[in-house]
Amino acid sequence: MITDDQLDLYRVESTLLRVIRDVSPRNDVRGIVVAWDDDSVLIRKKNRRVVKLARSYVYQPYEAERPPEYMLPQELIEPDDAADESE
């Protein structure tokens, strides 16, 4: 869980954050910290809407690379040449 000090630093510096909710990057929330309490954090998105998220999610600066443990598995794609040779 993210600390109050870290949230305050992100709020004061208006750091653009990525909130990782699961392994799919499509479900990430991007925005800045507006306020928080013991259980949740308010994030203001680019379209000015405010989202209330649990503090248990992963909060990181948007510029930082997404951690590998929160990435979808990548399937190996065989080149077309390899498929043609086996026929």
field: Hydrophobic cluster identity match, Leu17 and Val29, side-chain contacts under 4.5 Å
entry: yes
statement: The side chain to side chain contact (heavy atoms under 4.5 Å, CB included) partners of Asn47 (sequence neighbours excluded) come to Lys45, Arg49
message: Test of understanding: with salt bridge (Lys or Arg N to Asp or Glu O under 4.0 Å), list the residues that count as partners of Arg55, not counting sequence neighbours.
response: Asp4
message: According to a hydrophobic-cluster definition based on side-chain heavy atoms being under 4.5 Å apart (Ile, Leu, Val, Met, Phe, Trp, Tyr only), do Val51 and Val34 belong together?
response: no
- prompt: Is there side-chain contact between Leu42 and Val33, with at least one heavy-atom pair below 4.5 Å?
  reply: no
field: By side chain to side chain contact (heavy atoms under 4.5 Å, CB included) - contacts of Glu13 (at least two apart)
entry: Leu9, Thr15
- prompt: Got a sec, which residues hit side chain to side chain contact (heavy atoms under 4.5 Å, CB included) with Asp37, two or more places apart in sequence or on another chain?
  reply: Asp39, Ser40
query: Linking I/L/V/M/F/W/Y whenever any side-chain heavy atoms sit under 4.5 Å apart, do Tyr57 and Ile2 land together?
result: yes
Side-chain donor-acceptor distances from residues 58-73 under 3.5 Å, at least two apart:
unit_1, atom_1, unit_2, atom_2, d
Tyr59, OH, Ala54, O, 2.7
Gln60, NE2, Ala64, O, 3.2
Gln60, NE2, Glu65, O, 3.3
Arg66, NE, Asp28, OD2, 2.9
Arg66, NH1, Val23, O, 3.3
Arg66, NH1, Tyr70, O, 2.0
Arg66, NH2, Asp22, O, 3.1
Arg66, NH2, Asp28, OD1, 2.7
Arg66, NH2, Asp28, OD2, 3.4

Side chain proximity check, Trp36 to Asp8, heavy atoms < 4.5 angstrom: yes
task: Please identify each residue that fulfils salt bridge (Lys or Arg N to Asp or Glu O under 4.0 Å) with Arg44, with sequence neighbours left out.
output: none
- prompt: In terms of hydrophobic clusters joined by side-chain contacts under 4.5 Å, are Leu53 and Tyr10 together?
  reply: yes
task: List the atom of Gln6, the atom of Thr3, and the distance in Å for their closest heavy-atom pair.
output: N-OG1, 3.1 Å
